[in-house]
J.: 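Here it is, the structure, as structure tokens.
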Amino acid sequence: MKKIIRKILIANRGEIAVRVMRTCRTMGIATVAVYSDWDKRSPHLRIAGESHYLGPSPARESYLNVDKILEIARTSGADAIHPCYGFLSENPSFVERVEKEGLIFIGPSAAAIRKLGDKTSAKEIARTLGVPVVPGTVKAPSSPEEARSVGKSIGYPVLLKAAAGGGGKGMRIVREEKDLAGALSLSMSEAKSSFSDGRVYMEKYIEDPRHIEVQVIADAHGAVVHLGERECSIQRRYQKIIEESPSEAIDEKLRRSLAESAVRLAGYAGYTGAGTVEFILDREGNAYFMEVNTRLQVEHPVTEWRTGIDIVREQIRIAAGERLSRTQPEITFSGHAIECRIYAEDSANGFLPYTGRIEHIAHPAGPGVRID
């Protein structure tokens with residue numbers, strides 16, 4: 001059943017909020033911005049049709065404040081909420097609250113997020129479908145003692161990862177058993193503060209890996225397509241900083257295999273909207289399923305550049321009950337795209353994140369250049 005979306009509340013800030021608003025504008029959809037004390041001068045407030053105050057700067061008091069977000073959605077007359085990435089974007093309880101309010105969540109269903117957004121559940125599904133996974137736990141260890149037992153069975157180094165989110169939050173490499181308990185405690189604490197879910201699971205750490213991910217889009221009518229792969233192997237502090245498509249590390253046979261696995265996973269879970277299925281390649285070129293990001297990703301422009309498909313537009317259309325704009329045979333790939341994420345750090349203070357004051361900035365320009 002088709003739904004009418006006339007106004008969207010963007011439950012996020014910064015660059016990604018601006019990017020979503022840009023597509024809304026081309027579709028003739030009004031936008032609502034939200035902000036905390038920290039973001040009073042953020043550009044997304046100037047671009048939105050209207051803006052509303054969320055709360056103090058800490059995320060738990062603003063961008064993670066579900067009651068306040070829903071209150072603003074009601075008072076502003078929004079029809080739908082777009083979560084962008086981070087914050088509440090992969091929180092199934094939030095999706096249920098949104099739908100209970102009679103609003104449209106622009107993203108997958110709560111059930112699909114629980115199946116694929118939760119890393120332990122996603123690994124179980126991958127195993128069911130015969131997709132190779134990295135050796136490790138399917139469920140989060142319940143105690144340090146259980147974690148030590150897992151470490152001994154799969155061998156060190158091991159990688160700790162938050163079950164309910166991504167972006168490097170809660171992720172730690174542990175190379176010796178003596179460091180496991182402390183690292184596990186820190187990872188659980190960071191996961192809890194970032195995603196309101198402290199579960200952390202373990203897997204074998206793959207040395208010198210290649211990181212390959214496949215963009216998928218699915219509608220509520222049973223159609224699932226892939227938009228090719230991106231390579232995101234160059235990272236800093238577990239954050240991707242260079243993304244490109246196509247990957248130079250895989251051949252056509254592996255490219256087809258990864259794409260088919262990604263589509264099968266999405267179809268099996270009854271997925272709708274945009275999502276990314278991530279794989280890791282070891283030194284021998286063996287590919288393992290890693291996780292699914294049940295949301296829009298920072299690096300989605302790389303895929304848009306090669307396919308000519310506006311992924312945010314597809315998200316909105318799918319949420320409104322429409323079919324995918326293209327079938328798999330109609331999707332074509334052109335050229336090579338590279339995205340660079342720029343970081344501001346203080347080199348005199350251990351390279352901690354710090355913007356300082358930008359005195360001058362000159363953006364590159366010309367054909368084939370996109371600035372977000």
Side-chain angles (χ1 to χ4, degrees), residues 90 115-141 147 150-175 187 199-216 224 226-235 238-240 242-269 271 275-295 297 299:
E90 296 179 278
K115 289 177 183 177
L116 294 182
D118 184 283
K119 294 179 177 60
T120 56
S121 172
K123 289 177 75 172
E124 288 181 325
I125 291 173
R127 284 175 173 168
T128 298
L129 296 177
V131 178
V133 299
V134 178
T137 60
V138 174
K139 297 182 179 179
V150 172
K152 288 178 181 177
S153 67
I154 64 176
Y156 289 85
V158 299
L159 188 63
L160 305 178
K161 300 178 75 173
K169 301 296 184 183
M171 188 181 294
R172 278 175 174 76
I173 301 170
V174 182
R175 297 190 177 276
S187 292
R199 290 176 303 132
V200 170
Y201 74 101
M202 298 171 61
E203 64 183 28
K204 179 70 176 176
Y205 177 63
I206 305 295
E207 301 276 7
D208 299 324
R210 304 295 289 253
H211 186 126
I212 311 294
E213 57 189 31
V214 178
Q215 178 75 60
V216 295
V224 186
H226 73 84
L227 303 184
E229 87 285 352
R230 301 184 288 258
E231 175 158 358
C232 310
S233 301
I234 299 176
Q235 302 184 16
Y238 309 119
Q239 295 282 340
K240 303 163 188 174
I242 301 291
E243 297 98 8
E244 66 175 316
S245 181
S247 167
E248 296 294 299
I250 62 177
D251 57 22
E252 285 302 319
K253 181 179 179 181
L254 182 54
R255 179 171 286 113
R256 284 194 300 272
S257 174
L258 297 182
E260 289 169 2
S261 294
V263 168
R264 278 197 297 140
L265 279 162
Y268 183 89
Y271 195 84
T276 302
V277 182
E278 305 199 2
F279 300 89
I280 194 166
L281 271 63
D282 63 18
R283 289 167 173 166
E284 288 72 43
N286 300 306
Y288 302 96
F289 167 77
M290 192 164 59
E291 62 190 42
V292 180
N293 291 139
T294 56
R295 54 171 169 79
Q297 283 194 289
E299 53 271 30

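All values reported here derive from a predicted model rather than from experimental measurement.
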J.: Is it true that Glu243 and Arg230 have a side-chain N and a carboxylate O under 4.0 angstrom from each other?
T.: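 Not counted as a salt bridge, because no side-chain N and carboxylate O are separated by less than 4.0 Å.
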
J.: Heavy-atom distance under 4.5 Å between the side chains of Met290 and His211, does that happen here?
T.: yes

J.: Taking the side chain as every heavy atom from C-beta outward, state whether Lys123 and Tyr201 have any atom pair closer than 4.5 Å.
T.: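 Lys123 reaches Tyr201 side chain to side chain.
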
J.: Test your reading of the model: is there a side-chain donor-acceptor pair from Ser261 to the backbone of Ser257, 3.5 Å cut-off?
T.: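 Checked: pair present.
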
J.: Quick one: closest heavy-atom pair of Tyr271 and Asn293, and the distance?
T.: OH-O, 4.2 Å

J.: Of all heavy-atom pairs between Leu116 and Ala266, which one has the smallest distance, and what is that distance?
T.: CD1-CA, 4.3 Å

J.: Got a donor-acceptor contact below 3.5 angstrom from the Ser245 side chain to the Glu229 backbone?
T.: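 Between the backbone of Glu229 and the side chain of Ser245 there is a qualifying donor-acceptor contact (under 3.5 Å).
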
J.: Taking atom types as modelled and ignoring hydrogens, do the side chains of Ser247 and Arg210 form a donor-acceptor contact shorter than 3.5 angstrom?
T.: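 No.
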
J.: What distance separates Ile250 CD1 from Arg256 CZ, expressed to the nearest 0.5 Å?
T.: 10.5 Å

J.: I'd like to know if Glu252 and Arg255 make a salt bridge, using a cut-off of under 4.0 Å between side-chain N and carboxylate O.
T.: yes

J.: Backbone N or O of Thr120 within a donor-acceptor pair of the Asp118 side chain at under 3.5 Å?
T.: yes

J.: Against Tyr268, only a single residue in Val263, Leu129, Val224 fulfils side-chain contact (heavy atoms from CB on, under 4.5 Å); can you say which?
T.: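 Of the listed residues Val263, Leu129, Val224, the side-chain contact (heavy atoms from CB on, under 4.5 Å) partner of Tyr268 is Leu129.
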
J.: Looking only at atom types and distance, does a side-chain atom of Thr294 sit under 3.5 Å from a main-chain N or O of Glu90, one as donor and one as acceptor?
T.: no

J.: Say whether Thr276 and Glu213, considering side chains only, have a donor N or O and an acceptor N or O under 3.5 Å apart.
T.: no

J.: Looking at Val134, is its backbone amide N or carbonyl O close enough to the side chain of Lys204 to form a donor-acceptor pair, meaning the two atoms are under 3.5 Å apart?
T.: no

J.: Can you name the closest pair of heavy atoms from Ala126 and Val133 and give their distance?
T.: CB-CG1, 3.6 Å

J.: If you take all heavy atoms of Glu207 and Pro157, which pair is closest and at what distance?
T.: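 Glu207 and Pro157 have their closest heavy atoms at OE2-CG, 3.4 Å.
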
J.: If I compare all heavy atoms of Asp282 with all of Asn286, which pair ends up nearest, and what's the gap?
T.: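 Taking Asp282 first and Asn286 second, the nearest heavy atoms are OD1-N, 2.9 Å.
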
J.: Side-chain contact test, heavy atoms from C-beta onward, threshold under 4.5 Å: evaluate it for Ile154 versus Glu203 and give yes or no.
T.: no

J.: If I compare all heavy atoms of Val214 with all of Phe279, which pair ends up nearest, and what's the gap?
T.: CG2-CE1, 4.0 Å

